[in-house]
Amino acid sequence: MIELNDISRVYGRGDSAAFALRGVSLRVPAGAFVRVVGTSGSGKTTLLNVIGGLDSGYTGSAAVDGRDLKRLSDRELSRFRNRTVGFVFQHFHLLDYLDARQNVAVAAFFTGPEPDDGGARAEEVLARVGLAAKQASRPGELSGGQKQRVAIARALYNRPRLILADEPTGNLDTRTSGQIIELLESLNRDDGLTVVVVTHEAPLFRNATQTVRLEDGRIVEGGGA
Ligand SMILES: Nc1ncnc2c1ncn2[C@@H]1O[C@H](COP(=O)(O)OP(=O)(O)OP(=O)(O)O)[C@@H](O)[C@H]1O
Ligand SMILES: [Mg+2]
């Protein structure tokens, strides 16, 4: 599913050049649930950005589902980002003036014109994350956990095969975190999605099938065969 070979990512030039990733190789099989751990600044977000096609300023090769991301045209790469991958973030990134259904349907905007389904797909994914009753609520009327569910529904909208989540429970209390983790685990187990989660709370993700540990831009554990 994910195959990284000797990825290095440098920020800055000359004296200020700093490696965010150093010779990272990683194998993640389809259907895995991966937790990515490591101290602040160790390269976790950078790694996720490479896998998700958000960053192309690296050396080495990154392939997802057999597609070498560097060989994709701009158009193919944006299609990959919008259709193959679903992104989930710590701060939800919802639009305050849109209700839950509209926030979720924002995902359709990036995939170009589609037949108008009258909001059916948005309702379907909101139901999948347990928010059937909150279609018309704006973010200001939702709890943190509910906001993250809306964000996950938006990530699911275009039927991705891979979920990339960067500290999805970083803004939530322990109990709510547990519910979000159960949801991510269910998407993995029941819907067959491959899930990669960056987290500072590794023990909460105890059911992960693979733990990748980064230290100073290097994978020191869990890079896979
Ligand atoms: N846009 C950027 N410009 C310059 N340096 C950057 C940039 N993004 C990241 N870095 C540097 O790359 C290194 C890795 O950053 P990254 O964001 O991947 O760490 P992280 O493990 O996600 O940290 P955190 O747990 O704090 O989110 C850090 O030293 C960071 O300062
Ligand atoms: Mg980060």
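For ligands, and for the atoms within them, numbers begin at 1 and follow the listed sequence. Because the structure is predicted, anything quoted here is derived from the model rather than measured.
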- Trace of the side chain to side chain contact (heavy atoms under 4.5 Å, CB included) decision for Gln179 with Gln148: CA-CA 10 Å; Gln179 295 166 353; Gln148 192 58 296; over 6 Å; no

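A distance limit of 4.0 angstrom between heavy atoms and ligand 1 selects the residues Tyr11, Ala20, Thr39, Ser40, Gly41, Ser42, Gly43, Lys44, Thr45, Thr46, His200.
Two residues are said to be in side-chain contact when any heavy atoms from C-beta on lie closer than 4.5 Å; Arg138 and Asp96 fail this criterion. For the pair Pro168/Val197, a side-chain contact is recorded, criterion being any heavy-atom separation below 4.5 Å from C-beta on. Within the 4.5 Å cutoff, the side chain of Gln135 has no heavy atoms near those of the Asp99 side chain.
Neither side chain, Asn207 nor Arg35, offers a donor N or O lying under 3.5 Å from an acceptor on the other. For the residue pair Asp166 and Thr45, a side-chain donor N or O sits within less than 3.5 Å of a side-chain acceptor on the partner. Between the side chains of Ser177 and Glu201, no donor-acceptor pair of N or O atoms lies under 3.5 Å.
Listed by chain and number, the protein atoms of type N/O/S under 2.8 Å from the Mg ion (ligand 2) are Thr45 OG1; waters are omitted.
The local environment of CZ in Arg161 is sparse, with at most 12 non-hydrogen atoms from other residues, nucleotides or ligands closer than 6.0 Å. Within 6.0 Å of atom CD in Glu215, 12 or fewer heavy atoms from other residues, nucleotides or ligands are found, so the atom counts as exposed in its surroundings.
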